[in-house]
Amino acid sequence: MTALRKVLIANRGEIAVRIIRTCRDLGMAAVAVYSEADRDALHVRLADEAYLIGPAAPRESYLAIDKLVAVAQRSGCDAVHPGYGFLAENADFASAVKAAGLCFVGPPAGVQRLLGEKTRARRLAAEAGVAVVEGTSEALRDLAAARTAATRVGYPVMLKAAAGGGGKGMRVVRTAAELEASWRVASGEAAGAFGTPDLFLERLVDGARHIEMQLIADDHGNVVWLGERDCSVQRRHQKLIEESPGPSVDAALRARIGDAAVRIARRAGYRNAGTVEFLVGERGEVFFLEVNTRLQVEHPVTELVTGLDLVALQFRVAAGERLPFTQDDVIRRGAAIELRVTAEDAPGGFVPASGTIALLRLPSGPGVRVEHALFEGMRVPTEYDPLLAKIVVWGEDRATALARARRAVRETIVAGLPTSLAFHAHTLDDPDFVAGRYDTGFVAAHWPPASPAELEGTALTAAALVAVLATRVRASHVANGVATAWQRTAREDALR
Amino acid sequence: MTALRKVLIANRGEIAVRIIRTCRDLGMAAVAVYSEADRDALHVRLADEAYLIGPAAPRESYLAIDKLVAVAQRSGCDAVHPGYGFLAENADFASAVKAAGLCFVGPPAGVQRLLGEKTRARRLAAEAGVAVVEGTSEALRDLAAARTAATRVGYPVMLKAAAGGGGKGMRVVRTAAELEASWRVASGEAAGAFGTPDLFLERLVDGARHIEMQLIADDHGNVVWLGERDCSVQRRHQKLIEESPGPSVDAALRARIGDAAVRIARRAGYRNAGTVEFLVGERGEVFFLEVNTRLQVEHPVTELVTGLDLVALQFRVAAGERLPFTQDDVIRRGAAIELRVTAEDAPGGFVPASGTIALLRLPSGPGVRVEHALFEGMRVPTEYDPLLAKIVVWGEDRATALARARRAVRETIVAGLPTSLAFHAHTLDDPDFVAGRYDTGFVAAHWPPASPAELEGTALTAAALVAVLATRVRASHVANGVATAWQRTAREDALR
Amino acid sequence: MRYEVRVADHALGVEIDTGGRALVDGEAVAAQLDEIVRGRQWQVVLEGRTHEITLLTREPMRLLVDGREVDASAVDERALAASRGTRQHASGRHELRAPMPGLLRAVHVKEGDIVERDAPLCTLEAMKMENELRAPVRARVVRLDARVGMKVEGGAVLAVLSEVE
Amino acid sequence: MRYEVRVADHALGVEIDTGGRALVDGEAVAAQLDEIVRGRQWQVVLEGRTHEITLLTREPMRLLVDGREVDASAVDERALAASRGTRQHASGRHELRAPMPGLLRAVHVKEGDIVERDAPLCTLEAMKMENELRAPVRARVVRLDARVGMKVEGGAVLAVLSEVE
């Protein structure tokens, strides 16, 4: 259905599975890659071909540009989809793919370089007539420069990785006393995540909402905005819940943000799918934050509201097709909410967890969609992002979407390791969240809850009985992992 | 959200789970009932309360009106939802529920009686100005009467249960010689399924499509049609695939059928959700078949195209609310297809099968919804309908829906017993089905396939290796069933 | 150990040598083989192609290979040797078995009858549907265990037929 | 056998008599209890109310009860008797354990230090995030096993603290 025939998916987990699905829908062959930690992974089994590219450590596998390009060429691919994370915003990868004569499913390297440098992106936004939060227009030379800048814009300030994105290398600094420690940690994280410790800083906008606008652009000068997502429910600058429409966003504000995003995209010569992130203050002031030059984790929220397949659109415009619609053709209907189920112990303060999926039940029914790569017996690797699954719900209005989200969480079981599900169950009943009254401070202010989940009469008795039984059973063996089937077989033969 | 607070669900399996979901969405408590064969069933675990109502045999459990009404009263319900099958079209049940002071979520007993008698329904349709297939306007006295009538309308004819519906007690009779045998079988089935052996007959319309129209009606005189479903892909008069819009239905025909359905509903004083079934001939002639006075198995097809929750609408109108929309407000978008996954050995000619679910993987991702009540370790009871799951897909057009349906089937694994999945995999690639060229003769003409599924090079080798391994492993024990946990516990204590 | 393997319409010879290497039709295959679910699901990577294979049913064996259902069987050479005799002996002998548990609603033949291919032998009711069990070949009914009203288990022998030309 | 059971904030006494009957806080309970998944999931029907209970994690025990996560524990009276002693003995002693496998990026204390409650002791990197492990109480570091750059397993003891007033 597109000019593309065979795609290398340079990623893993739920997003690799998500991309494989659209490859099938478009009649393209999907080639998976996997590290030694992912031998049994679902994306390997659902792909048409799969190649081992190295040990678990990302640098030696999912971040190894040469290996990925080599596999794409060897397996006869004509395109490469980077997913999100890993190399998705790495301009060198985009150029290497292009240099190998393959189609990169994302914006060109030049655009990635331009927007990947957060300070340059800020300047570009300002030139496009979009307000930016007061801060430094260049990366900070050193701690001293940071002190000066912080004093100028005034505390509290936000330290950010200059090459950053995705919340890594970010620290809130409320007083001058905290600056040095935060500087150390943030630049350390930035170096680890992006290869450069460079930081810049902005004034911290308290009580602001994190609202982002989804864009799609083709090679023929068409740029269309598809709708916003409110991603203010975050912890450690990592998103937990995203929804569209934003509870605080009316048609006028939506159009303003959409228009601003398109202006920035046009000025940057943007191509393919992308997201422009904004901070929206209590009085509706809109500040540019950054551009994510890739598919977002939360893209299904926009898919449910618009009925579009964003990954399919990525492939079409990457293949040179024109967008099949104009701005006025985009239909938005109802409300969608995404809940990120992560391998983090929510009651324990979102401490990353690991383990084996001992029991899995995913929700279904009206308005419920789940994106995941889980299966019973799966060992959750500690080397990668803790995202386990995305529960995405749609309803004709926000109240219906909320009710369906509660129902979906109630049906979901992920046993064997701690997860973020308890947070979602709690938040979906939180009066402020239900009323749409929340900003980026929500999680800190509402979690952990004052009192643990309550059980009434028979539930409490039942739980007590099961607690006794559970202490008596041995850990049930989970069949899984690399089989030594042939060796077993041979040994048995010898005995016969 | 409705005046109703607590609902008894007089059913089991996927439809009980489906109704529980909407109960949660509307903030109503859900009370389940279960037979001894369903102790561990998912609908029992997802409900707020559950009551054992008898042995596996339907007559002593899911068909036992007194028991069901008693449970509804004892548990303080204010409404009863019958689902489909079992007592859904039993007027005595509807009256018993009403007599007990409870709200019956479906059309009133009077309407059910009127339309449940297929010959009376035919007369009513004719009075409403809707064509009916030539046949008998009364139930046939005996075999002799059948002979006379068959000779009058001319062979081939269709024998049908007068109290029937759902394809039971139906037989095609192509020649006079076949009449007696078919009469015996059909009346036997009718007696078994509906308590009366009465039959009537119609001329068989060859090459016709089975097209039905979904209706919803409130107590305030509002009747709205929501769209058609083509259900022509059937075997033994049991539907396997349903889709909307019907590939052969244009806007004009849709409006004609919708209008005819509404006229029939108004004349019958219809309330709640219902479906009017039609036969549509090769040249677009429309004949009334029957009215299903209940929720259909395939209702999700219409939900995906309209964005409505039909079960929620059933509760709202049952509670006396007005329909929240008029005919002109109904938005239909894209195409939806439902695939019925049944416990039937498709390659073996759809012979009913039984077994234990040994491995289960259900599809997800863009445009895919699954309705089911399955879990690993579940024993599929032989006493009830063989429906295991419904895979329902949506796409912006039929081609997209087809592609997603193929992808969903490819991801689905139901191991442990034979199923209908191979039929769906085959049909979704069948040129006639893909082109929308099919009628009620489709399955007979296209299944089983001339040649079995083919495997190319490495797949064949891999399968051979696994075949060897599989012959060597013992049936893996599936933990499931009634636990004797306390006895075990006590015994162990004694030994300590 | 050698195995005679059938997958769909194909017959293959699989050999597993004492070193645990596998040969298919004499060719050594270097497959990455992972058992995903013990005794139920495997992943095979062969020449870069990845195949997910699930054991759907054991008797008769049906495999799901990348979403395609195929019938399969594997018999090791000793079992084969053993069985050949009985096969010879049993040639032309057919057992009519109940495909699933149910209630025998009707029996259309008696012992000694000669029945045509596809002739209905009895009617088994299961899952609210009547299923006609038919003769696989033209044959004589040499034994009849089916009785009307009998509740039978899946796999129960209902009749023994002897093929006749 | 008696068990001291804790579920969320509630303490209950569960007794199982030799007849296999269960008593909760002295009251006999007539529950229909089905084990859905061996050792992992149970269904309890009690006074018509149905509860689906899943063992989410074993150590520490966390249960999912009708969609609600609760911490729980059950200790039988003998184990209890045995453990009391050690508890006394261990009072005020705290082990700092790695919550998950990872790489120690920083160690902020040395043996002998007195640390305030919530003071960061070391930084563990796992899943691309840095996690500060903090002191549960004001205490002295009596033993320190953590070394920068060390790769540690989940549950590994990193330090031993002795509470100080």
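All values derive from a computational prediction rather than experimental measurement.
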For [X], which atoms come within 4.5 Å of any heavy atom of chain B: side chain, backbone, both, or neither?
X     : answer
C:L46 : both
C:E27 : neither
C:E47 : side chain

Inset, instruction - List for me each residue that meets side chain to side chain donor-acceptor pair (under 3.5 Å) alongside C:D145, sequence neighbours excluded, and say none if there are none. - result: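 Result, side chain to side chain donor-acceptor pair (under 3.5 Å) vs C:D145: C:R143.
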Inset, instruction - Mind checking side chain to side chain donor-acceptor pair (under 3.5 Å) for C:R6 and listing every partner two or more places apart, or none if nothing turns up? - result: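 Result, side chain to side chain donor-acceptor pair (under 3.5 Å) vs C:R6: none returned.
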Legend entry - Neighbour count above 12 (heavy atom, 6.0 Å) for C:Q32 CD: yes
Inset, instruction - Find the one option among C:R105, C:H10, C:Q41 whose heavy-atom pairs under 4.5 Å with chain B are most numerous. - result: C:H10
Inset, instruction - Just give me the residue among C:V44, C:I53, C:L63, C:V24 that pairs up with chain B most often, heavy atom to heavy atom, under 4.5 Å. - result: C:I53
Inset, instruction - Give, as side chain, backbone, both or neither, the part of B:E454 having an atom under 4.5 angstrom from any heavy atom of chain C. - result: both
Legend entry - Under 4.5 Å from a heavy atom of chain C, the part of B:T412 involved: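 Interface part for B:T412: backbone (N, CA, C, O).
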Inset, instruction - Check for a donor-acceptor pair, side chain of B:S420 on one end and backbone N or O of B:F423 on the other, with a separation under 3.5 Å. - result: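 Not a single qualifying donor-acceptor pair exists.
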Inset, instruction - For B:T458 and C:R49, indicate whether the former's side chain and the latter's backbone hold a donor-acceptor pair under 3.5 Å. - result: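 A pair under 3.5 Å: no.
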Legend entry - Interface residue of largest heavy-atom contact number with chain C, from B:I413, B:T461, B:L417, under 4.5 Å: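 Highest number of heavy-atom pairs under 4.5 Å: B:I413.
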Legend entry - Among B:L421, B:L359, B:V185, residue most engaged with chain C (heavy-atom pairs, under 4.5 Å):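 So the answer, after comparing B:L421, B:L359, B:V185, is B:L359.
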Legend entry - Ion pair check, B:R406 and B:D429, cut-off under 4.0 Å: yes
Inset, instruction - Answer yes if the side chains of C:T123 and C:H108 hold a donor-acceptor pair under 3.5 Å, and no otherwise. - result: yes
